[in-house]
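For reference, the structure discussed in these notes is given below.
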Amino acid sequence: MSESFTKGMARNIYYGGSVFFLLIFLGLTFHTTKEMPQRDHRENLTESVARGKALWEDNNCIGCHTLLGEGAYFAPELGNVYIRRGGEGGFKAFFNGWMKSQPLNIPGRRQMPNFHLNDQEIDDLAEFLKWTSEMDVNSWPPNIEG
Amino acid sequence: MSTLKFQSQAVAKPYFAFALILFVGQILFGLIMGLQYVVGDFLAGAIPFNVARMVHTNLLIVWLLFGFMGSAYYLVPEEADTELWSPKLAIILFWVFAAAGTATILGYLLVPYSTLAEFTFNELWPTMGREFLEQPTITKIGIVVVALGFLLNLGMTILKGRKTAINMVLMTGLIGLAVFFLFAFYNPENLALDKYFWWFVVHLWVEGVWELIMGAILAYVLIKVTGVDREVIEKWLYVIIAMALISGILGTGHHFYWLTTPEYWQWIGSIFSAIEPLPFFAMVLYAFNMVNRRRREHPNKAATLWALGTSVMAFLGAGVWGFLHTLAPVNYYTHGSQITAAHGHMAFYGAYAMIVMTIISYAMPKLRGIGEANSNKAQVCEMWGFWLMTVAMVFITLFLTGAGILQVWLQRLPESGEALSFMATQDKLALFYWMREVSGVIFLIGLLAYLASFFIGGKETAKVSQ
């Protein structure tokens with residue numbers, strides 16, 4: 001590197017540049033959080049949805065599944081599972097049956113554990129997945145398979 | 001016979017040793033998961049995949065933290081030209097962190113996760129059950145306490161000693177690490193907000209402040225093994241970390257494409273994260289440049305190999321494989337696929353596992369009283385470990401990339417109705433997963449060779465020639 005470019009100049013670029021971009025980042029974060037209520041539909045966030053999120057976390061679902069593309073890549077995407085598995089008409093019935101029939105015990109197939117949830121808990125989890133599927137996430141995933 | 005400049009540097013040794021023990025655990029659980037990818041019911045009752053994965057990723061994070069702490073305890077006193085403020089505190093914190101870490105991993109393995117959440121009163125302040133932040137809230141508080149004590153110890157050491165650029169950059173990185181971890185305590189009921197601020201921990205760690213830590217450690221080792229003038233190395237260090245933060249902070253935007261976020265993040269994220277490979281490329285140029293301009297022949301050839309290797313592998317894993325799927329129109333199809341897994345593996349190994357092994361390679365002979373370097377025989381064994389692990393990781397990455405491309409082709413690109421389901425797609429990827437698992441076994445053999453090198457004695461190599 002050229003001699004006329006000194007360590008002091010490099011240091012100033014580091015401190016100045018970092019602070020500058022950090023401030024822009026914070027500004028954009030502020031703007032984003034102002035925009036989010038229109039996209040996440042938090043007016044529909046019921047107590048049941050909140051309980052469902054707690055169940056999602058307490059059973060470490062993210063350890064196998066992705067939710068909006070984030071998580072483990074071992075089991076299907078669940079951000080849109082509500083739509084994929086029946087939506088308004090059929091999801092809850094499907095989901096209750098699904099949760100109760102685990103583990104499927106098909107030899108060689110990836111196994112989902114049984115988490116021993118009661119009907120109320122399964123319903124809360126379903127409400128959480130429904131609410132999640134209704135968030136506006138810029139049209140991801142590309143198709144119904146997630 | 002002690003070969004340390006300051007006696008208090010010795011506290012680094014248990015940190016390094018424990019880090020490597022955890023590293024072995026990480027790889028073993030990785031192999032279990034790799035097998036579960038193709039033999040789905042393997043150990044499904046005893047160690048369900050979610051548990052194995054949590055252990056695999058948490059061990060990675062914790063061993064890297066042990067490695068970073070050991071690095072700091074080793075290099076900060078020498079850079080500051082004074083003894084560590086409190087070696088006793090460093091040892092106490094070692095035991096606290098080791099005990100908390102071990103208890104947490106045992107908790108994951110011995111009881112169902114929901115039971116662990118119940119026992120640790122997660123409902124009082126729910127922070128569990130989010131990727132990488134699975135630790136019980138009490139463990140998270142423990143991490144904060146350890147981090148504060150650690151920063152106090154280093155801060156007091158630097159205050160009474162020399163304030164070199166390397167020390168200041170390392171300190172900034174470590175403070176950043178502690179500060180951004182605080183976002184782990186924010187877990188709102190609203191998933192959209194939860195996800196947005198979760199990235200403040202995850203992204204701003206690995207694509208932000210951790211790069212400062214990596215840069216500082218690399219700069220320190222390069223000064224030691226090449227003897228190049230500190231002014232030159234520190235100037236490069238500032239340039240590299242300036243590029244890292246200038247690109248990396250707004251580069252966080254590449255995680256905000258498909259959340260409840262405005263579309264402008266797709267532009268900002270794409271543009272700034274396209275610049276993110278540059279600091280890693282600069283690091284390659286810098287490492288090779290400094291080694292070519294070396295003013296001494298350091299007898300520790302293995303440490304030099306690690307220093308060069310980490311720059312190349314970080315560039316490939318974080319830089320090239322990151323760029324591969326970072327542009328929004330590409331990421332739309334690859335998000336959350338095996339492409340992400342491919343990138344994650346090589347980036348963590350190249351940038352962070354390897355930088356820790358770089359300083360371990362440099363420091364361990366001194367910490368163990370052997371001298372400037374291990375015997376030639378031990379170094380040859382260590383280099384076998386280096387090459388086996390590194391080549392195995394290249395293949396793991398290539399096979400996962402193959403799996404990812406096929407996954408996108410079958411599951412993401414076709415229209416609804418024509419696309420294969422997730423599980424049907426996974427069946428088609430089995431060959432890639434098998435080959436990844438074989439590469440994983442090679443990686444384990446490399447790790448064992450690397451560890452064996454610590455137990456090979458023999459005559460000391462030639463003294464340093466100036």
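All chains are named by letter (A, B, ...) in the order of the sequence lines, taking the proteins before the strands, and each is independently numbered beginning at 1. Hydrogens, waters and symmetry mates are skipped; everything else that's a heavy atom, side chains included, is used.
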Select one option (side chain, backbone, both, neither) describing which atoms of [X] are under 4.5 Å from chain B's heavy atoms.
X      : value
A/D136 : backbone
A/T132 : side chain
A/T6   : backbone
A/I106 : backbone
A/L45  : side chain
A/H31  : both
A/A54  : neither
A/P142 : both
A/F20  : neither

Centroid-centroid under 6.0 Å between [X] and [Y] rings:
X      : Y      : result
B/Y196 : B/F256 : yes
B/H254 : B/H203 : yes
B/F200 : A/F25  : yes
B/Y186 : B/W198 : no
B/Y37  : B/F49  : yes

Is there a side chain to side chain contact (heavy atoms under 4.5 Å, CB included) between B/E189 and A/R42? Walk through the geometry before answering. CA-CA 10 Å; B/E189 285 175 349; A/R42 59 188 67 176; over 6 Å; no
Which portion of [X] sits near chain A, non-hydrogen atoms under 4.5 angstrom:
X      : value
B/M423 : side chain
B/F272 : side chain
B/E134 : side chain
B/P188 : backbone
B/L212 : side chain
B/L237 : neither
B/N190 : both
B/T172 : side chain
B/Q266 : side chain
B/D194 : side chain
B/E415 : backbone
B/Y433 : side chain
B/F197 : side chain
B/A242 : both

Any Lys/Arg nitrogen of [X] or [Y] sitting under 4.0 Å from an Asp/Glu carboxylate oxygen of the other?
X      : Y      : result
A/E70  : B/R130 : no
A/K100 : A/D119 : yes
A/E145 : B/R412 : no
A/R51  : A/E57  : no

Give a yes-or-no answer on whether the side chains of A/E134 and A/Y82 include a donor-acceptor pair shorter than 3.5 Å.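 No - no donor-acceptor pair under 3.5 Å links their side chains.
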Of the listed residues (A/F115, A/F128, A/F21), which shares the most heavy-atom pairs with chain B below a 4.5 Å separation?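 With the most close heavy-atom pairs to chain B, the winner is A/F21.
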Going by the angle between their ring planes, with limits at 30° and 60°, are A/W98 and A/F94 parallel, tilted or perpendicular?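 Rings of A/W98 and A/F94: parallel, under 30°.
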Side chain of A/N138, backbone of B/Y257: donor and acceptor closer than 3.5 Å?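 It does hold such a pair.
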I need the residue from B/A165, B/P262, B/S114, B/A44 with the largest number of non-hydrogen atom pairs under 4.5 Å to chain A.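 Most heavy-atom pairs under 4.5 Å with chain A: B/P262.
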Checking A/R85 against A/F95: charged group under 6.0 Å from the ring centre and within 45 degrees of the axis?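 The answer is no; the distance or angle limit is not met.
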Could you walk me through whether A/T66 and A/E77 satisfy the side-chain hydrogen bond (donor to acceptor under 3.5 Å, both in side chains) test, starting with their C-alpha distance in whole Å, then the side-chain angles of each, then the deciding distance to 0.1 Å, before giving a yes or no? CA-CA 5 Å; A/T66 48; A/E77 162 67 34; 2.8 Å; yes
